[in-house]
Amino acid sequence: MTSAEGSTRLAGVDPNTPSIARVYDYALGGTDWFAVDREAYEHLKKVVPHQDDVGAANRRWLERVVRYVTRSAGIDQVLDLGSGLPTQKNTHEIAQELDAEVTVVYVDNDPLCATRGRELLEANERTHFLDLDLTRPTDVLDHPAVGEFLDLDRPLLLMVCGTLHHIDDDQDPAGVMRRYVERIAPGSYVMISHFFDPAAEDEYLHGLARQAERALHDERLGTGRWRTRAEIRAFFAGLDMVPPGLVELHDWWPGGPALRTPWPDERLILGGVGRKP
C-alpha cells in the first residue's frame with residue numbers, strides 16, 4: 001500500500017484517474033501515488049525509457065539554479081509555482097542549506113499536494129504551502145498569505161519547473177507568465193524547465209517528442225506539451241537571459257565534466273533563467 005491510498009477521503013483525490021503530481025512522485029521514488037499513476041508513467045517509459053534520468057536531471061538543474069540565485073545573486077525569497085508533492089531535496093532545503101533566512105512559498109492546487117505540503121513542507125517559519133491555482137497570477141500574487149510571507153516590492157526567485165508543459169495552449173501559458181513578470185520586482189529571477197520538441201532542429205528527436213506527448217495523453221492525463229524552442233523562449237518575455245540561456249539541462253552550469261553522452265530522452269527538456277531588468 002502506498003501512502004496515497006490512505007488519502008482517498010480527501011476531496012478531489014480520485015484513485016482511478018492519474019494525477020500528474022502523483023505520476024511525478026512515483027517517478028522520483030515517492031510514495032504518494034496510486035496504481036493508475038504508476039501505469040501512466042510506465043506507459044510513457046515505453047516511448048522514452050530513460051525518463052527517470054530526465055526527472056533526476058531536472059532535480060539537479062533545480063538545485064544548481066536555486067543555489068546560484070540564493071547564494072551568488074543574493075535572493076532571499078522564493079515563490080515555487082506548481083511545486084508538486086514533497087520529495088527529496090525540496091526547494092527550501094536547498095535554499096536554506098547555508099542561509100536559514102531564505103523564505104520559500106510553495107503553490108499547488110492538487111488536493112494531495114496541498115495536504116502533504118502542509119504536513120511535510122512547513123518545516124519552519126520561513127517555509128509555507130498555499131493551495132492556489134498558478135494559472136491565476138492575480139489570485140496568487142494578491143493572496144493575503146503571499147503578501148504576508150513575501151515582500152513583492154523586493155526581488156524574488158519565481159520557480160516554474162516542469163509545470164508549464166502541463167498548461168494547454170488554450171490557457172495561454174505565455175500570458176500567464178507575462179502577468180507574473182509584470183508584477184514581480186526588478187532584479188527578480190525566473191527559472192523555467194519545460195519539455196522540448198526540437199522540430200526542424202532534429203528530425204529524430206522531433207519524432208520522439210511527438211510520441212512522448214501521445215503517450216501521456218493515451219493514459220488519460222490529458223496534459224503534457226512538448227513545445228518548440230521559440231514557444232518556450234516566449235515564456236521569458238521581458239527578461240534578460242542569464243548565460244548560457246535556454247539550453248538542455250546538462251548544459252546549464254554543469255557541476256563537472258560529462259561522464260556520459262546524454263540519452264535522447266534527456267535532450268527533450270530545456271531549462272533557462274531570466275532576470276527582470
Problem - Side-chain heavy atoms of Tyr189 within contact of Val242, under 4.5 Å - result: yes

Exercise for the section: Might you work through the side-chain contact (heavy atoms from CB on, under 4.5 Å) test for Val47 and Arg214, ending with a clear yes or no? Expected result: CA-CA 10 Å; Val47 177; Arg214 286 194 297 271; over 6 Å; no

Practice task
Can you sort out the partners of Glu42 under side-chain hydrogen bond (donor to acceptor under 3.5 Å, both in side chains), two or more places apart, ordered by chain and number?
Solution key: Tyr26

Exercise for the section: Locate the shortest heavy-atom distance separating Met191 from Leu62; write the atom from each residue and the value. Expected result: CE-CA, 4.0 Å

Handout entry: Arg136 atom CZ: more than 12 heavy-atom contacts under 6.0 Å
Key = no

Exercise for the section: Show your working on side-chain hydrogen bond (donor to acceptor under 3.5 Å, both in side chains) between Tyr41 and Asp25 and close with a plain yes or no. Expected result: CA-CA 10 Å; Tyr41 185 70; Asp25 185 63; over 6 Å; no

Handout entry: Rounded distance (nearest 0.5 Å) linking atom CD1 of Ile184 with atom CG of Asp153
Key = 12.5 Å

Exercise for the section: Check whether any side-chain heavy atom of Thr163 sits under 4.5 Å from a side-chain heavy atom of Leu81, and report yes or no. Expected result: no

Problem - Salt-bridge present (Arg179, Glu182; N to O < 4.0 Å) - result: no

Problem - Arg225/Asp168 salt bridge by N-O under 4.0 Å criterion - result: no

Exercise for the section: Report whether Trp263 and Leu270 are members of the same hydrophobic cluster (ILVMFWY, side-chain heavy atoms less than 4.5 Å apart, transitive linking). Expected result: no

Handout entry: Check: Phe195 and Glu213 side chains under 4.5 Å, non-hydrogen atoms
Key = no

Handout entry: Separation between CD1 of Ile75 and CG of Leu157, rounded to the nearest 0.5 Å
Key = 7.5 Å

Practice task
Take Val181 and Leu239 through the side-chain contact (heavy atoms from CB on, under 4.5 Å) test and state the conclusion after the steps.
Solution key: CA-CA 8 Å; Val181 171; Leu239 302 171; 3.8 Å; yes

Exercise for the section: Take Lys45 and Asp265 through the salt bridge (charged side-chain N to carboxylate O under 4.0 Å, His left out) test and state the conclusion after the steps. Expected result: CA-CA 10 Å; Lys45 286 182 65 176; Asp265 320 26; over 6 Å; no

Handout entry: Nearest atoms (heavy-atom pairs only) where Ala212 meets Leu44
Key = O-CD1, 3.7 Å

Fill in the blank from the handout: Output for pair (His250 NE2, Arg64 CZ), nearest 0.5 Å, gives 10.0 Å

Fill in the blank from the handout: What one should report as the nearest heavy-atom pair of Trp61 and Ser193 is CZ3-CB, 3.6 Å

Problem - Lys/Arg-Asp/Glu bridge criterion (N-O < 4.0 Å) met for Asp76, Arg126 - result: no

Problem - Closest non-hydrogen atom pair, Leu205 against Leu268 - result: O-CD2, 3.7 Å

Practice task
Apply side-chain contact (heavy atoms from CB on, under 4.5 Å) to the pair Ile269 and Leu249, showing each step before the final yes or no.
Solution key: CA-CA 7 Å; Ile269 185 169; Leu249 299 184; 3.7 Å; yes

Completion exercise
Only one of Met177, Met159, Lys276, Met241 passes side-chain contact (heavy atoms from CB on, under 4.5 Å) with Val190, and that residue is Met177

Handout entry: Backbone of Arg154 reached by a side-chain donor or acceptor of Gln77 within 3.5 Å
Key = yes

Exercise for the section: Calculate, to the nearest 0.5 Å, the distance between atoms CZ and CZ belonging to Phe34 and Arg22 respectively. Expected result: 5.0 Å

Fill in the blank from the handout: Taken to the nearest 0.5 Å, the spacing of Glu266 CD from Gln51 CD works out to 9.5 Å

Problem - Min side-chain heavy-atom separation Val160-Tyr180 under 4.5 Å - result: no

Practice task
Begin with the C-alpha distance, continue with both residues' side-chain angles, and end with the deciding distance and a verdict on side-chain contact (heavy atoms from CB on, under 4.5 Å) for Val78 and Val66.
Solution key: CA-CA 9 Å; Val78 180; Val66 170; 5.6 Å; no

Exercise for the section: Assign the ring pair His128 / Phe149 to parallel, tilted or perpendicular, where the plane angle (0 to 90°) is split at 30° and 60°. Expected result: parallel

Handout entry: Mutual orientation of the aromatic rings belonging to Phe129 and Tyr106 [parallel < 30°, tilted 30-60°, perpendicular > 60°]
Key = parallel

Fill in the blank from the handout: Heavy-atom nearest pair, Ala95 first then Val104, reads CB-CG2, 4.4 Å

Practice task
Identify the heavy atoms of Pro155 and Pro186 that sit nearest to each other, and give their distance.
Solution key: CG-O, 3.4 Å

Practice task
State, yes or no, whether a side-chain contact exists between Pro244 and Trp253 at a heavy-atom distance under 4.5 Å.
Solution key: yes

Practice task
Hey, could you give me the SG/CG distance between Cys161 and Asn58, rounded to the nearest 0.5 Å?
Solution key: 6.0 Å

Exercise for the section: Would you mind reporting whether Leu132 and Asp139 have side-chain heavy atoms less than 4.5 Å apart? Expected result: no

Per-pair distances, 0.1 Å, donor-acceptor, side chain in residues 226-237, under 3.5 Å, sequence neighbours excluded:
from   : atom 1 : to     : atom 2 : distance (Å)
Arg227 : NE     : Asp169 : OD1    : 3.3
Arg227 : NH1    : Leu164 : O      : 3.1
Arg227 : NH1    : His194 : NE2    : 3.0
Arg227 : NH2    : Ile167 : O      : 2.7
Arg227 : NH2    : Asp169 : OD1    : 2.8
Thr228 : OG1    : Glu231 : N      : 3.2
Thr228 : OG1    : Glu231 : OE1    : 3.3
Arg229 : NE     : Glu201 : OE2    : 2.9
Arg229 : NH1    : Leu246 : O      : 3.2
Arg229 : NH2    : Glu201 : OE1    : 3.0
Glu231 : OE1    : Thr228 : N      : 2.8

Exercise for the section: Taking the side chain as every heavy atom from C-beta outward, state whether Leu216 and His165 have any atom pair closer than 4.5 Å. Expected result: no

Handout entry: Check against salt bridge (charged side-chain N to carboxylate O under 4.0 Å, His left out), Arg60 and Glu63
Key = CA-CA 5 Å; Arg60 290 194 299 270; Glu63 289 186 39; over 6 Å; no

Problem - Flag, side chain of Asn16 to backbone of Val36, donor-acceptor distance under 3.5 Å - result: no

Exercise for the section: Report yes if some heavy atom in the side chain of Ser19 is under 4.5 Å from a heavy atom in the side chain of Asp110; otherwise report no. Expected result: yes

